[in-house]
Protein chains: 2
Amino acid sequence: MTRYSGQSRMLVAVDCIIFGFDGEKLKLLLIKRGFEPQKNKWSLMGGFVQPGEGLESAAARILHKLTGLEGVYMEQLFAFGEPERDPVERTISVTYFALIDINQYVQQLTDEYKAEWVSLDALPDLIFDHVEMVNMAKEKLRYKAAIHPILFELLPSKFTIPQLQLLFEAVYDVTFDKRNFSRKILSTGLLIKQKDKERLSSKRGAFYYKLDKRKYNAKFNSFLNFVTDPGNLK
Amino acid sequence: MTRYSGQSRMLVAVDCIIFGFDGEKLKLLLIKRGFEPQKNKWSLMGGFVQPGEGLESAAARILHKLTGLEGVYMEQLFAFGEPERDPVERTISVTYFALIDINQYVQQLTDEYKAEWVSLDALPDLIFDHVEMVNMAKEKLRYKAAIHPILFELLPSKFTIPQLQLLFEAVYDVTFDKRNFSRKILSTGLLIKQKDKERLSSKRGAFYYKLDKRKYNAKFNSFLNFVTDPGNLK
DNA sequence: GCAAAAGTGTTCCCCCTACACCCATGC
DNA sequence: GCATGGGTGTAGGGGGAACACTTTTGC
């Protein structure tokens, strides 16, 4: 036997929900779709899974094509498969969400996609079910970041505690007490204080910190409580 | 345009990881695969997604075909898509895990599948990448049950606190202090004490409880801490 | 010298943990 | 009356939350 008989085959696509943080707001990297249908409408970056290519490789390929980046934090989100989700043809979409340091993003020279960073709280209309995908990704980001130290992936390798706090506040849309915040973050032991300061956003300057990669990898899967029930998380 | 051109189409399957609890151990509902390849090897229950059918519907259909049950707790787990995962033909498998009350399971009359409940800690070899699927499902069950009240789905509508404790202990492979356990569970306010007792497993008998469905639905998505970091959870 | 952001310490309270004894019943 | 599992109370400790003042420096 070389094939399963009597079954119908479908297109399988991968769509990437790419998060970034500009120091103030959470952003999504969106593109203007380059082909029909809905050409020039806003869309997540995506593409079809090729023969001989796994889902994760497909997502990495697509992310790389858009951003030039490799080794990015990426995680499978959900498989969307309603029969009519793509009006052209039955297509399953497996979504991945990625967290990238927005400063690492370099606009590709051959920018066939017209990619833009868009504020997460002012999203334009998106094609198909992409809004649903984004909403699920936001939820998952909140859920996961409350327990695991993934938000560091959105920051440069050197960052300050106030920057980190702004990031958490953007993700959860709340404000934290800075004393409690810094105590909690430092108590994880994940941060290493640097000798130099960031001097752009204040006169006094704030010390840089770096992730302790060893502890980060070791602790990643243990339960850490970064946020105490910020409303309703799934 | 009626089709995307130049892309290759693939089979899309759904596989169900079906958990049950017999009062002592966690179980999986497995079948002997009824067709080639690997006919008569143990396997998860699965099937191909049909045209015009969504992923979730496909999973519900397959679950129903095997168990006769509807309205079961079910959740998408992960999409597996390595190119060689099914040696016959490129197939994407979207997995769902389901929690069912083992007593509700009725062996179907036309049991073409030879389904059996198998202890989770003594799994036989499974076809393809099904072992990986099961391991991921176990992990996710632990992860989720530590925070959300999903384990009730594995029990009958009336259950006792000692039964519930046995279930938690089976899931996390630990033992809990019964005083702390019952205080914690009751403090959620999710349980309603019944007037009658279960009298099989002890002379004194243990009071039955039922889920408060209203509070259950309302609180489902808030963070509840059922388990304090039971080792390494993802 | 003043405005603006960084940095730090303490108290209180709640929840989690550890731990031991009595109760109800079938035999 | 004894063995078996059900059910409860308490004390201590740790961590989260609330809260205010000093420091640094550019202007």
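For the numbers below, each heavy atom of this structure counts, side chains included, while hydrogens, waters and symmetry mates do not. Because the structure is predicted, anything quoted here is derived from the model rather than measured. Naming: A, B, ... by sequence-line order, numbering from 1 per chain.
D/dT4 atom C1' lies 10 Å from atom NZ of B/K178, rounded to whole Å. A/R183 places its CZ atom 10 Å from the P atom of D/dA17, with the value rounded to the nearest Å. B/L166 places its CG atom 11 Å from the P atom of D/dG5, with the value rounded to the nearest Å. Look at CZ on A/F226: it is 15 Å from P on D/dG15, rounded to the nearest Å. Per the geometry, CD1 belonging to B/I185 stands 15 Å off P belonging to D/dT8, to the nearest Å. In this structure, A/D177 places its CG atom 10 Å from P of D/dA20, rounding to the nearest Å. Rounded to whole Å, the distance from CZ on A/F181 to C1' on D/dG15 is 17 Å. Per the geometry, CG belonging to B/L186 stands 12 Å off P belonging to D/dG9, to the nearest Å.
The aromatic ring centroids of A/F152 and A/F159 lie less than 6.0 Å from each other. Taking the ring centroids of B/Y209 and B/F207, they lie at or beyond the 6.0 Å cut-off.
Taking a heavy-atom distance under 4.0 Å as the criterion, the stretch of DNA chain C touched by chain A extends 5' to 3' from C/dA3 to C/dT10.
Map B/N180 and B/T160 each onto its nearest nucleotide of DNA chain D; the residue landing nearer the 5' end is B/T160.
In this structure, B/D121 CG and B/D173 CG are separated by 8.0 Å, a value rounded to the nearest 0.5 Å.
Checking each of A/F226, A/Y73, A/F220 against A/H148 for a ring-ring contact (aromatic ring centres under 6.0 Å, His included) leaves exactly one that passes, namely A/F220.
If you check every strand for non-hydrogen atoms under 4.0 Å, A/N225 touches nothing.
Under 3.5 Å, the side chains of A/D15 and A/T95 contain no donor-acceptor pair of N or O atoms.
Between B/F168 and B/Y172, the two ring planes are parallel [angle under 30°; tilted spans 30° to 60°].
The side chain of A/R179 lies closest to D/dA20 when the candidates are D/dA20, D/dG6, D/dT8.
Less than 4.0 Å separates DNA chain D from at least one heavy atom of each of the following residues of residues 187-209 of chain B: B/S201, B/S202, B/K203, B/R204, B/G205, B/A206, B/F207.
The two residues B/D177 and B/Q165 have their closest heavy-atom pair at C-NE2, 4.1 Å. Nearest heavy atom pair, residue A/N103 against residue A/P156, reads ND2-CG, 3.9 Å.
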Determine whether B/E198 and B/K158 satisfy the following criterion, salt bridge (Lys or Arg N to Asp or Glu O under 4.0 Å), listing intermediate values before the conclusion.
CA-CA 9 Å; B/E198 189 273 342; B/K158 274 166 51 173; over 6 Å; no
